[in-house]
Structure formats: structure tokens, C-alpha cells
Number of protein chains: 2
Amino acid sequence: MLNQNALLDLTFQALTDSTRRSMLAQLTQGPATVSELARPLAMSLPAVMQHLAVLESSGLVRSEKVGRVRTCRIDPQALSLAEQWLNQRRIEWEQHLDRLGDYLETMKTEGESNDNGK
Amino acid sequence: MLNQNALLDLTFQALTDSTRRSMLAQLTQGPATVSELARPLAMSLPAVMQHLAVLESSGLVRSEKVGRVRTCRIDPQALSLAEQWLNQRRIEWEQHLDRLGDYLETMKTEGESNDNGK
DNA sequence: ATTTTGGTTAAGCATGTCCTTAAGTATATT
DNA sequence: AATATACTTAAGGACATGCTTAACCAAAAT
């Protein structure tokens with residue numbers, strides 16, 4: 001069974017490689033067979049298969065074989081997992097900046113009240 | 001010189017590792033020194049330094065040394081690069097689904113007009 | 001039936017990643 | 001001046017990654 005963090009590992013890991021990112025980009029244009037995915041890439045078919053395996057292990061891509069042709073398609077949900085993690089980090093950082101802003105504001109106000117009471 | 005794709009490589013690569021992700025999560029709570037980053041982690045200080053180097057090479061984190069203390073902070077812009085790439089993929093996929101939807105709708109309508117003309 | 005096509009498996013090799021320990025440097029602190 | 005602190009560098013080892021080539025298999029075409 002796969003916890004959230006292990007799944008994130010697999011997802012970002014899958015996205016690390018530029019070949020896999022271009023395979024994903026192609027798949028956003030619609031489903032493709034293994035050889036269609038391989039055509040624009042400057043490497044052997046087995047290499048492409050290995051990239052595909054990584055994409056599938058992260059759940060970013062699913063595939064099924066009919067006859068001798070394997071058709072691959074993107075899974076939109078998996079993309080959003082990584083996106084949500086990034087989004088959460090950005091939100092927390094913004095909250096931190098807000099708190100920092102409030103703090104600085106408080107300091108300023110206290111400084112003014114000191115001046116007033118002088 | 002660093003092109004967009006190489007930068008994405010470095011960014012996703014940085015995000016792949018669960019230790020680095022937790023360092024990032026900590027940094028969203030505010031800046032931290034190297035030893036503060038190391039404290040919750042079950043590994044040697046040099047190991048943490050190496051993770052920090054990866055985070056810095058991707059631009060996700062910046063740091064500066066004052067006296068003997070190095071203070072690290074997150075760079076919000078770098079996070080958004082990865083986020084934007086993911087977002088773009090999702091958008092393209094949704095557009096694909098829309099076009100597919102239109103196509104199916106067209107098929108249905110043509111089917112009806114065939115029925116009508118029968 | 002034979003050959004072609006589309007994919008798959010296996011093995012191996014070069015390189016990269018993630019950690020370690022040992023030793024070092026530069027700033028505080030006492 | 002001597003010691004402690006905060007980091008830094010270097011070297012190396014275990015394992016992972018990204019390719020390759022050489023078979024191999026099953027569905028389709030001839």
C-alpha cells in the first residue's frame with residue numbers, strides 16, 4: 001500500500017526526466033501507442049518502455065494492450081497531486097509573509113506610540 | 001546559461017527527494033539556519049548540506065552566511081515554475097477532453113440527423 | 001506458412017544519487 | 001590562548017537511473 005509521501009516521491013521522480021515530461025506533454029494531446037510515443041524521441045524502444053514504466057508506477061499514465069498495440073493515456077488526477085503539494089507550500093509561505101507583515105506593522109505602531117508618549 | 005527545460009529538470013529533481021521536500025516545508029514557516037534544518041532530520045550535517053546544495057542549484061532556496069551561521073530562506077518564484085508546468089499540462093489535457101467532447105457531440109447530432117432523415 | 005510489426009525481456013555498462021566518516025576552516029565563547 | 005560551535009570539504013561506498021544491444025513473443029499482414 002502506497003502512502004501519500006511515497007506517491008509524491010514517485011510523481012516528482014517521474015517528472016524529473018525531460019524525456020518523460022515530453023511524453024506527458026504529447027499525451028495531453030490525446031492517447032498514443034508506445035511507438036507513437038517513441039517516434040519523436042532519439043532513443044531505443046526499450047528505453048521508451050522503461051520511461052513508460054516509471055510514468056505508470058507514479059500513476060501519471062495508464063495503458064492497456066489490445067492485440068499487439070499498447071495505448072497510453074494521461075491520468076489527470078495524478079498531476080494534481082503534485083500541483084496541490086506545490087500550491088500548499090506557496091500558501092504557507094504567503095501566510096508566513098503575512099504574519100511577518102503584521103509583526104512589522106505592530107513594531108511600527110509601538111514605535112509611534114512611544115514617540116507620542118514622549 | 002540555463003534554459004527553461006534544464007531549470008525544470010533541476011526543480012523537479014530537487015522536489016523528488018522526501019528529505020528536501022520536508023526541508024522546504026520547514027522553510028515555508030520562515031528562514032532557518034543549516035543546523036535548524038538538520039535538527040529534525042535523521043542524518044549527518046554534510047548530508048543536509050548536500051540536500052541544501054541541490055535546493056539552491058534549482059533556485060528553490062537561497063542562503064547567506066553571516067559570521068559562522070548560514071541562514072536559508074525559500075524563493076517563492078522557483079516553486080511557481082514547476083507549478084506552472086503542471087498547470088499547463090492539466091489545461092492542455094482539459095482542452096483535449098473538450099475537443100473530444102465536441103467531436104462526440106457532433107457524432108451524436110449527425111446520428112440524430114440520420115435518424116431524422118430515415 | 002512465412003514474414004513483418006509492435007512490443008517485451010534480459011543483461012550489462014556508465015553515470016548519478018544519497019549517504020557515510022574523517023578531517024578541515026573560520027567564528028564565537030570562556 | 002584554548003575550546004566549542006557552525007559549517008565545509010573530501011573521499012568513498014552502496015544503490016538507483018538511463019541508456020544500450022541482443023534475443024524473444026504474439027498478433028497481423030502477405
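Here is how names work: the chains are called A, B, and so on, in the same order as the sequence lines, proteins then strands, and each is numbered from 1.
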- [ ] For A:A25, check side chain to side chain contact (heavy atoms under 4.5 Å, CB included) against everything at least two apart and list the hits.
- [x] B:R89

TODO: Decide yes or no, distance alone: a donor-acceptor N/O pair under 3.5 angstrom between the base of D:dA27 and the side-chain of A:R68.
DONE: yes

TODO: Let me know the distance between CZ of B:F12 and C1' of D:dT17, rounded to the nearest Å.
DONE: 18 Å

- [ ] Grab the CG-P distance between A:L15 and D:dT17 for me, whole Å please.
- [x] 14 Å

Task: Salt bridge A:R90-B:E83, side-chain N to carboxylate O under 4.0 Å - done: yes

Task: Donor on one side chain, acceptor on other, B:S18 and A:D9, under 3.5 Å - done: no

Open item on the list: Can a side-chain donor-acceptor contact be found between A:T71 and A:E64 if the only test is distance below 3.5 angstrom?
Closed with: no

TODO: Heavy atoms under 4.0 Å is the rule here; annotate nucleotides 8-19 of chain C 5' to 3' with B where the base is hit, S where only the sugar-phosphate is, and - elsewhere.
DONE: BB-------SSB

TODO: For B:S58, enumerate each residue passing the side-chain hydrogen bond (donor to acceptor under 3.5 Å, both in side chains) test, keeping only those at least two apart in sequence or located in another chain.
DONE: none

